[in-house]
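One structure is given below, encoded as structure tokens.
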There are 2 protein chains.
Amino acid sequence: MDAKKQALYEARARIIKAMAHPSRLFIVEELSRGEKCVCELTEMIGADVSTVSKHLSVLRSAGIISDDRRGAQVYYTLRVPCVLNFFGCVESVLKTTAKEQLQLLKKT
Amino acid sequence: MDAKKQALYEARARIIKAMAHPSRLFIVEELSRGEKCVCELTEMIGADVSTVSKHLSVLRSAGIISDDRRGAQVYYTLRVPCVLNFFGCVESVLKTTAKEQLQLLKKT
DNA sequence: AAAATATTTGGCTATTTTGCCAAATGAACA
DNA sequence: TGTTCATTTGGCAAAATAGCCAAATATTTT
């Protein structure tokens with residue numbers, strides 16, 4: 001794998017990696033319903049504000065969400081809605097795996 | 001976020017996390033063209049066989065690929081092709097970010 | 001200007017991930 | 001059976017990630 005191809009896959013992995021965390025997946029899904037400020041997300045997630053802020057920073061650096069300061073609050077928005085399509089596929093991976101588990105059990 | 005919801009997002013994150021690595025993204029894309037054995041993938045990636053084997057194991061545990069031993073070789077297949085849709089979206093995240101960068105430069 | 005509220009950043013530790021080497025296992029073949 | 005080839009596993013060290021607290025910054029309010 002040459003350097004150019006390597007760089008391409010690294011860029012792609014950065015985006016996917018940014019989504020690869022329970023809280024960050026939650027944030028993405030929540031923002032798909034409309035913008036939310038840090039305090040609202042923190043409340044829902046139930047972690048330290050600083051932790052949530054860092055999760056938001058990861059998603060923002062990856063270009064998945066964008067921020068908008070309005071007064072004391074910062075509102076976050078989903079910038080690329082197509083990431084929502086991930087969920088359907090992830091669900092089907094889970095379903096496929098579950099079905100296979102079932103098949104294995106039936107054979108017993 | 002209650003325990004049930006937490007568990008759901010953790011399960012989802014496990015799948016996405018399994019894809020969140022340059023080599024593993026490469027493997028997924030490569031397998032979309034048809035099955036490949038470990039030695040072929042190792043050759044293409046250019047890392048240690050044991051490293052590639054572990055990447056494959058991560059993808060298999062997540063239920064994204066499946067293995068089939070035929071003689072001395074083990075062939076891997078993409079089990080859930082919808083993960084390929086990720087690429088298109090990832091590309092559009094990259095593109096959107098690039099466009100924004102360009103806008104910022106124009107203002108200078 | 002001081003106090004209060006919202007958010008980010010720095011710093012630290014604990015945990016996880018990565019990637020190599022060496023060793024073990026599985027299968028084909030002389 | 002012993003040898004060779006393909007793959008996996010164990011183990012280790014380096015690097016990255018996660019989450020909390022404390023401190024800094026930004027904004028509004030008193």
Side-chain angles (χ1 to χ4, degrees), chain A residues 1 3 5-7 9-28 30-31 35-77, chain B residues 1 3 5-7 9-28 30-31 35-77:
Chain A
M1 189 144 53
K5 211 163 184 188
Q6 178 74 27
Y9 282 98
E10 269 166 19
R12 288 177 176 172
R14 249 191 304 279
I15 315 260
I16 305 225
K17 211 187 289 191
M19 309 249 309
H21 186 285
S23 300
R24 295 201 291 266
L25 283 180
F26 174 81
I27 289 170
V28 166
E30 207 50 52
L31 293 187
E35 63 171 17
K36 292 259 179 320
C37 68
V38 182
C39 53
E40 290 174 305
L41 292 167
T42 300
E43 162 90 36
M44 294 190 234
I45 292 172
D48 194 275
V49 204
S50 69
T51 301
V52 174
S53 176
K54 277 175 186 172
H55 282 312
L56 288 165
S57 153
V58 169
L59 287 168
R60 184 167 36 73
S61 308
I64 297 170
I65 64 178
S66 57
D67 58 332
D68 179 23
R69 175 148 228 151
R70 285 211 294 284
Q73 279 112 337
V74 176
Y75 288 89
Y76 281 90
T77 332
Chain B
M1 189 144 54
K5 210 165 185 187
Q6 179 73 27
Y9 282 98
E10 270 167 19
R12 288 178 176 171
R14 249 191 303 280
I15 314 264
I16 305 223
K17 212 188 289 192
M19 310 249 309
H21 186 284
S23 301
R24 296 201 292 268
L25 282 181
F26 174 81
I27 290 170
V28 165
E30 206 51 51
L31 293 187
E35 63 173 16
K36 294 260 179 319
C37 69
V38 181
C39 52
E40 291 173 304
L41 292 168
T42 300
E43 162 89 34
M44 295 191 234
I45 292 173
D48 195 276
V49 203
S50 69
T51 300
V52 174
S53 176
K54 277 176 185 170
H55 281 311
L56 288 164
S57 152
V58 169
L59 287 168
R60 184 166 36 73
S61 307
I64 297 170
I65 63 178
S66 56
D67 59 332
D68 177 23
R69 174 149 229 149
R70 284 210 294 285
Q73 279 111 336
V74 176
Y75 288 89
Y76 281 90
T77 331

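All chains are named by letter (A, B, ...) in the order of the sequence lines, taking the proteins before the strands, and each is independently numbered beginning at 1.
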Output the rounded distance in Å from CD (A/Glu43) to P (C/dT5). 16 Å

Which word best sums up how the rings of B/His55 and B/His21 line up, parallel for under 30°, tilted for 30 to 60°, or perpendicular for over 60°? tilted

What are the two closest heavy atoms between A/Leu31 and A/Tyr76, and how far apart are they? CD2-O, 3.4 Å

When the distance from CZ of A/Phe26 to P of D/dA18 is rounded to whole Å, what number comes out? 17 Å

Quick check: closest heavy atoms across A/Arg24 and A/Ala18, and the distance to 0.1 Å? NE-O, 2.6 Å

When you check every protein heavy atom under 4.0 Å of nucleotides 11-22 of chain C, what one-letter string (B, S, -) results, 5' to 3'? B-----SSSBBB

Take the protein atom CD of B/Gln73 and the nucleotide atom P of D/dT8, then report the distance between them rounded to whole Å. 11 Å

Rounded to the Å, how far apart are A/Asp68 CG and D/dT27 C1'? 14 Å

Rounded to whole angstroms, how far apart are CD on B/Glu10 and P on D/dT17? 19 Å

Quick check: are there more than 12 heavy atoms from other residues, nucleotides or ligands sitting under 6.0 Å from CD of B/Glu10? yes

Check the phosphate of D/dA6 against B/Tyr76, side-chain N and O only, distance under 4.0 Å to OP1 or OP2. Yes or no? no

Nearest whole Å is fine: how far is C/dG26 C1' from B/Arg70 CZ? 16 Å

If the test is side chain to side chain contact (heavy atoms under 4.5 Å, CB included), which one of B/Leu41, B/Leu56, B/Thr42, B/Thr77 qualifies with B/Lys36? B/Leu41

Exercise: identify the closest heavy-atom pair between A/Met1 and B/Ile45: CB-O, 4.1 Å

Rounded to whole Å, how long is the line connecting atom CG of A/Leu59 with atom C1' of C/dT7? 16 Å

Nearest-Å distance, CD1 (A/Ile27) to P (C/dT7)? 13 Å

